[in-house]
Amino acid sequence: MELNSLNELFIRTFGPGLTRIFVAPARVNLIGEHTDHQGGYVLPCALQMRSACVVRERSDNLLRIAASDLPGIVEADLSDLSGYARIPWGAYQIGVAHIMQQRGYRVTGMDMLFDETVPHGSGLSSSAAIEVATAYAIAVLSSESAGTAIDIPELALIAQSAENDYVGMNCGIMDQFASAMGKKDHAIFLRCDDLDYRYVPVDFGAQRLTLMICNTRKPRSLIESAYNARRAECDRAFQAVKERAGISHLAEMTPESFEVHRSLIDDPVALRRARHVIYENDRTIRACKFLEKGDFVSFGVLMNDSHDSLRDDFEVTGPELDAMVSAARAQTGVLGARMTGAGFGGCAIALVYDTDCDAFVENVSRVYLEQTGYQAEFYRARISDGVREVTLAK
Ligand code: GLA
């Protein structure tokens with residue numbers, strides 16, 4: 001929904017008066033998949049798609065939350081936010097408020113209206129966008145009354161904690177960090193064990209390339225348990241090698257050291273998971289260098305290798321993502337294609353020459369529909385800034 005209309009909807013829902021509007025973007029990960037939870041490198045970008053949150057403080061102790069696409073208002077009492085994790089919707093927002101209370105932020109009563117332009121279930125992290133928009137809104141209001149500065153990386157950690165400790169999805173930090181810290185036309189090269197990062201210019205346009213996001217539209221189910229299972233398998237591999245390899249997290253291992261120590265991992269599944277994490281981490285470091293040099297051809301080769309490793313070793317692609325990626329790679333003018341995000345459905349990305357984009361969409365759409373029965377959707381990525389407050393055009 002356009003922001004002026006959203007503000008009007010807020011006033012119809014909660015009554016007239018001044019409002020503030022905060023937006024947080026979705027993300028796409030260029031490469032470095034399933035490395036964040038093992039302390040490795042990732043290379044995500046914030047997208048033009050976003051979650052928006054219109055807010056007004058209340059004088060009582062209630063958090064009242066509405067959404068542009070859902071009926072009703074969720075109401076939570078600030079004096080005890082611990083019991084809302086299993087409600088049908090609103091748990092991300094309440095979880096963030098709960099964690100912020102625990103960390104000493106001043107959380108006041110608020111009316112909040114949310115709106116997403118991120119397709120639901122697409123794996124582009126609408127949940128992180130909602131969490132980060134909520135955290136930023138609360139932090140701005142809290143810091144204005146207390147006169148303190150806002151620490152944006154800390155808001156990413158709060159959003160991750162809401163997801164891990166409140167909602168129960170054991171995700172890494174990538175999505176929340178990208179939504180909080182994104183920068184227009186840049187990717188973030190982030191080391192997830194200590195959050196050291198640098199911005200990397202991404203100028204696909206200079207070589208007339210488009211980053212095409214290809215949504216499989218496959219409904220994702222049981223993703224939380226499959227995701228948490230992958231993490232446990234990685235942990236088994238880590239426990240087996242950590243002492244002999246002298247590492248404090250799995251992604252610290254180089255491919256060379258993995259080949260030396262791999263015989264310590266008895267479990268063949270854990271071995272494959274570890275191989276993915278360690279080689280993907282190495283690919284991410286190399287991919288970042290290629291991006292910095294503007295060598296998109298070599299970057300595309302690594303995109304392909306990344307997908308193959310997620311398919312064969314990490315086993316998170318599935319028939320739909322595999323069909324999408326092989327249809328994409330078969331087209332003229334494609335430098336590389338891979339799944340992005342957690343997997344099990346969701347989106348793939350492809351790097352495509354501008355002049356070939358129309359034919360790409362037509363052909364991939366047709367082949368993918370024939371093979372899977374799903375009607376794909378395509379979006380041309382625009383890389384945007386991270387969380388921010390916006391004012392309405394008069
Ligand atoms: C999901 C998680 C992230 C990351 C990706 C896979 O998006 O939220 O933390 O693990 O999957 O790279």
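FYI, the numbering just counts along the sequence from 1. As the structure lists them, so they are numbered: ligands from 1, and atoms in each ligand from 1.
- A side-chain donor-acceptor contact under 3.5 Å links His249 to the backbone of Gln38.
- Nearest protein heavy-atom contact of atom 5 (C) of ligand 1 is Met174 CE, 3.8 Å.
- Of the polar atoms of Gly172, at least one N or O is found under 3.5 Å from an N or O of ligand 1, judged by distance alone.
- The proximity of Arg27 to ligand 1, defined as any non-hydrogen pair under 4.0 Å, is limited to the side chain.
- The shortest contact between atom 8 (O) of ligand 1 and any protein heavy atom is with Asp175 OD2, 2.6 Å.
- Checked for salt-bridge contact, Asp312 and Arg273 miss the test: no charged N lies under 4.0 Å from a carboxylate O.
- In summary, Asp194 and Arg191 engage in a salt bridge, as defined by a charged side-chain N under 4.0 Å from a carboxylate O.
- At a threshold of 4.0 Å, the pair Asp295-Lys293 does not count as salt-bridged, since none of the basic side-chain nitrogens sits closer than that to a carboxylate oxygen.
- Atom CG of residue Asp358 and atom CZ of residue Phe360 lie 11.5 Å apart, to the nearest 0.5 angstrom.
- The single protein non-hydrogen atom nearest to atom 3 (C) of ligand 1 is Asp36 OD2, 3.3 Å, given as residue, atom name and distance.
- Geometrically, ligand 1 and Thr35 share no nitrogen or oxygen pair separated by less than 3.5 Å.
- Backbone and side-chain nitrogen or oxygen atoms of His37 are examined, and none is located within less than 3.5 angstrom of a nitrogen or oxygen of ligand 1.
- Remark: ligand 1 and Glu33 share an N or O pair separated by less than 3.5 Å (distance only, no angle test).
- Contacts between Met169 and ligand 1, counted as non-hydrogen atom pairs separated by less than 4.0 Å, are absent for every part of the residue.
- Glu252 places no side-chain N or O within donor-acceptor distance of the main-chain N or O of Gly39, the cut-off being under 3.5 Å.
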